[in-house]
Amino acid sequence: MKIAIACHPTHGGSGVVAAELGMRLAGRGNEVHFVSYERPFRLDPLTQGIHFHKVQVSSYPLFRYPPYALALANELLQVVQREGVEIIHAHYAIPHSLAAVLARNMDTDGDVKVFTTLHGTDITLVGSDPSYAGITRWAIEQSDRVTVVSDWLAAATIKELAPEVEIETIPNAIDSSIFSPEHRDTQLRARFATPDELLVAHVSNFRPVKRVDDVVSAFAIAARDLPARLLMIGQGPELVKAQEKARQLGVYDRISWLGPIDDIAALLASSDLFLLPSENESFGLAALEAMSSGLPVVATRSGGLPDVVVDGETGLLAEVGDIESLAAHCHRLLTDAPLRHKMSSTARKVATEKFGWESVLHCYENAYRQLLSPVE
Ligand code: GMT
């Protein structure tokens, strides 16, 4: 099959899933064309069967806001026509599904299909914003096939936008050879913690939905009487506020603020515990990457997270904003080594057995085939 993938190239779960999926599809003999303003950071451009097409967004004095969605639609149309693409797989509704629908509709002589995968904030934040709600709903309804990454997101999409379209869940997956405890690196770990210190990790885009303040607050309470340190990996609008909170709570010097890092596998494997206190997560790919690396996860009972982090088995859950409980869970896992090790191996087992790429790839390929040859 010839597939074009439109996705966000920056750090964030949807771009990661798109890149990982695309490389696997290419590995199975499909031709995959990525279309974005930058190469997605997890995409290896040298993978056989992978092509990257950069969207050029020209500036013009009258354009206060350059119309990226239109430039993307234009590039998608060219790629579809030039390369004979059969399916445009759009990850994230706005602008990708919208641009894909425009490209399909412009391709009047062709028969390209639009496959939309919704990831979370495209519904819960962008799609629920009155400025984008109508067009998000329209782009979803105009898609030829729509999937979401969790049942929770399916319900949220129906609640927010009530699109008149069938929605199917295909969960996210993990490459357990990349995210593996085997990548534990003692020299790397020694840069952040002494041998008697435990290492807590958080990875996100530091948006308000991630509640990074709560990461700092829970760590400050949990680590009050413990030798522990915190890795804050990522960057975003809440960073400065979180740093200020760390200063107020006297833990600033026990935190390494690492900024965005493309390859976090060794850092995760070299840590002891993962903390993700989000307001909501449609899925929580970051938690799954941590679990696959052998880390128990302390997270919130929100969105699709409880389907990934099994409370009491692969981690411990608390209500959103309940900093005391988050801290108590962290403290318990940091002080009870047998429990931590038990959850670490169950986390690894669940990640590899329940969230492997094989079945997910199979689901996507089946869905593509059905789209190209629908049963009468
Ligand atoms: O907010 C983010 O984490 C970024 C966002 C994205 O689109 O990159 O992540 C969403 O998609 C991921 C991949 O499907 C999910 O694992 C995340 O849970 C989801 N984020 C939210 O729902 C907040």
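What you see below is based on every heavy atom in this structure, not just the backbone, and it leaves out hydrogens, waters and symmetry mates.
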Report yes if some heavy atom in the side chain of Val212 is under 4.5 Å from a heavy atom in the side chain of Leu239; otherwise report no.
no

With a 3.5 Å distance limit and no angle check, can you tell me whether Ser36 reaches the backbone of Cys7 through a side-chain donor-acceptor pair?
yes

Does the ring center of Phe179 lie less than 6.0 Å from the ring center of Phe355?
no

Taking Thr47 for the side chain and Ile50 for the main chain, is one N or O donor matched with an acceptor at less than 3.5 Å?
no

Which heavy atom in Leu161 sits nearest to a heavy atom in Gly127, and how many Å separate them?
CD2-O, 3.4 Å

Could you pull out the closest heavy-atom pair between Ile323 and Ala218, with the gap in Å?
CG2-N, 3.8 Å

Tell me yes or no: between the side chains of Thr169 and Asp151, is some donor less than 3.5 Å from an acceptor?
yes

If you measure only the distance, is there a donor-acceptor pair under 3.5 Å linking the side chains of Glu365 and Asn30?
yes

Polar side chain donor-acceptor pair, Asn205 to Gln235, under 3.5 angstrom
no

Flag if over 12 foreign heavy atoms under 6.0 Å of CD, Glu182:
no

Closest non-hydrogen atom pair between Ala103 and Leu77, with its separation:
O-CD1, 3.6 Å

Any donor-acceptor pair under 3.5 Å from His362 side chain to Glu358 backbone:
no

Please round to the nearest 0.5 Å and tell me the distance separating atom CG of Asp109 and atom CG of Asp107.
7.0 Å

Roughly how far, to the nearest 0.5 Å, is the NZ atom of Lys349 from the CE atom of Met291?
12.0 Å

Test item: Glu324 and Asp322 side chains (from C-beta on) under 4.5 Å apart, heavy atoms
yes

Student check: side-chain heavy atoms of Val148 and Thr157 closer than 4.5 Å:
yes

Do the ring centers of Phe283 and His119 come within less than 6.0 Å of each other?
no

Looking just at side-chain N and O atoms, do Thr346 and Thr314 make a donor-acceptor pair shorter than 3.5 Å?
no

Does Tyr252 have Arg247 sitting over its ring (NZ/CZ under 6.0 Å from centre, angle to axis within 45°)?
yes

Considering non-hydrogen atoms only, spot the tightest contact between Val101 and Ala139 and give its length.
CG2-O, 3.9 Å

Glu279: which of Lys210, Arg301, Arg211, Arg207 passes salt bridge (charged side-chain N to carboxylate O under 4.0 Å, His left out)
Arg211

Using the rule that Ile, Leu, Val, Met, Phe, Trp and Tyr join whenever any side-chain heavy atoms are under 4.5 Å apart, tell me whether Ile5 and Phe52 fall into a single cluster.
yes

So, do Asp144 and Arg104 sit near enough that their side-chain heavy atoms are less than 4.5 Å apart?
yes

Decide whether Asp225 and His331 meet the rule of one side-chain donor and one side-chain acceptor closer than 3.5 Å.
yes

Following the transitive rule for hydrophobic clusters with a side-chain heavy-atom cut-off under 4.5 Å over Ile, Leu, Val, Met, Phe, Trp and Tyr, establish whether Ile261 and Phe41 coincide in one cluster.
yes

Evaluate the side-chain proximity of Cys330 to Leu273: yes if any heavy-atom separation is below 4.5 Å, no if none is.
yes

Separation between OG of Ser373 and OH of Tyr368, rounded to the nearest 0.5 Å:
14.5 Å

Do Val350 and Leu295 sit in one hydrophobic cluster, given that two such residues count as connected whenever their side-chain heavy atoms are within less than 4.5 Å of each other, even indirectly?
yes

Taking the side chain from Arg254 and the backbone from Ala228, do they hold a donor-acceptor pair closer than 3.5 Å?
yes

So Glu31 and His51, side chain to side chain contact (heavy atoms under 4.5 Å, CB included) or not? Walk me through it.
CA-CA 8 Å; Glu31 191 177 304; His51 308 264; 3.9 Å; yes

Considering only heavy atoms from C-beta outward, does the side chain of Arg229 approach that of Val200 to under 4.5 Å?
no

Would you call the rings of His96 and Tyr92 parallel, tilted or perpendicular, where under 30° means parallel and over 60° means perpendicular?
perpendicular

Would you say Lys2's side chain and Glu83's backbone share a donor-acceptor pair under 3.5 angstrom?
yes

Taking everything shown except Ile135 itself, do over 12 heavy atoms lie less than 6.0 Å from its CD1?
no

Give the intermediate values and the outcome of ring pair (Phe, Tyr, Trp, His ring centres under 6.0 Å) for residues His53 and His33.
CA-CA 7 Å; His53 308 266; His33 296 266; 5.0 Å; yes

Member of Asp122, Asp129, Thr136, Ile123 meeting the side-chain contact (heavy atoms from CB on, under 4.5 Å) criterion with Ile94
Thr136

When you compare the side chain of Val360 with that of Ile170, does any pair of heavy atoms fall below 4.5 Å?
yes

Closest heavy-atom pair and its distance - His89, Thr117
NE2-OG1, 2.7 Å

With a 3.5 Å distance limit and no angle check, can you tell me whether Ser345 reaches the backbone of Lys342 through a side-chain donor-acceptor pair?
yes

Donor on one side chain, acceptor on other, Ser278 and Glu281, under 3.5 Å
yes

Salt bridge (charged side-chain N to carboxylate O under 4.0 Å, His left out) between Asp44 and Arg39, worked out
CA-CA 9 Å; Asp44 176 357; Arg39 178 175 63 79; over 6 Å; no

If you apply the rule side chain to side chain contact (heavy atoms under 4.5 Å, CB included), what do you find for Val203 with Ile264, and how did you get there?
CA-CA 9 Å; Val203 182; Ile264 52 167; 4.1 Å; yes

What I'd like to find out is whether the side chain of Val165 reaches to under 4.5 Å of the side chain of Ser143, using heavy atoms alone.
no

Are any of the side-chain nitrogens in Glu160 or Arg137 under 4.0 Å away from the carboxylate oxygens of its partner?
no

Would you check, one step at a time, whether the test side chain to side chain contact (heavy atoms under 4.5 Å, CB included) holds for Arg145 with Lys113?
CA-CA 8 Å; Arg145 185 126 186 177; Lys113 306 290 183 204; over 6 Å; no

Test Glu238 against Ser204 for side chain to side chain contact (heavy atoms under 4.5 Å, CB included), laying out the working first.
CA-CA 11 Å; Glu238 298 290 290; Ser204 77; over 6 Å; no

Spatial distance of atom NE2 (His183) from atom CG (Asp185) [nearest 0.5 Å]:
11.0 Å

Between Tyr364 and Phe115, how do the two ring planes meet: parallel, tilted or perpendicular, split at 30° and 60°?
tilted

Quick one: does any side-chain atom of Arg348 pair with a main-chain N or O of Ser176 as donor and acceptor, under 3.5 Å?
yes

So how far is it from Thr352 OG1 to Asp175 CG, rounded to the nearest 0.5 Å?
11.5 Å

When every non-hydrogen atom of His8 is compared with those of Ser14, the smallest separation belongs to CD2-OG, 4.0 Å

Please round to the nearest 0.5 Å and tell me the distance separating atom CZ of Phe219 and atom NZ of Lys245.
15.0 Å

Joint cluster assignment, Val309 & Leu316, ILVMFWY side-chain distance < 4.5 Å:
no

Walk me through whether Glu197 and Thr194 qualify under side-chain hydrogen bond (donor to acceptor under 3.5 Å, both in side chains).
CA-CA 5 Å; Glu197 283 174 326; Thr194 59; 3.2 Å; yes

Are Leu76 and Leu102 co-members of a hydrophobic cluster defined by side-chain heavy atoms under 4.5 Å apart?
no

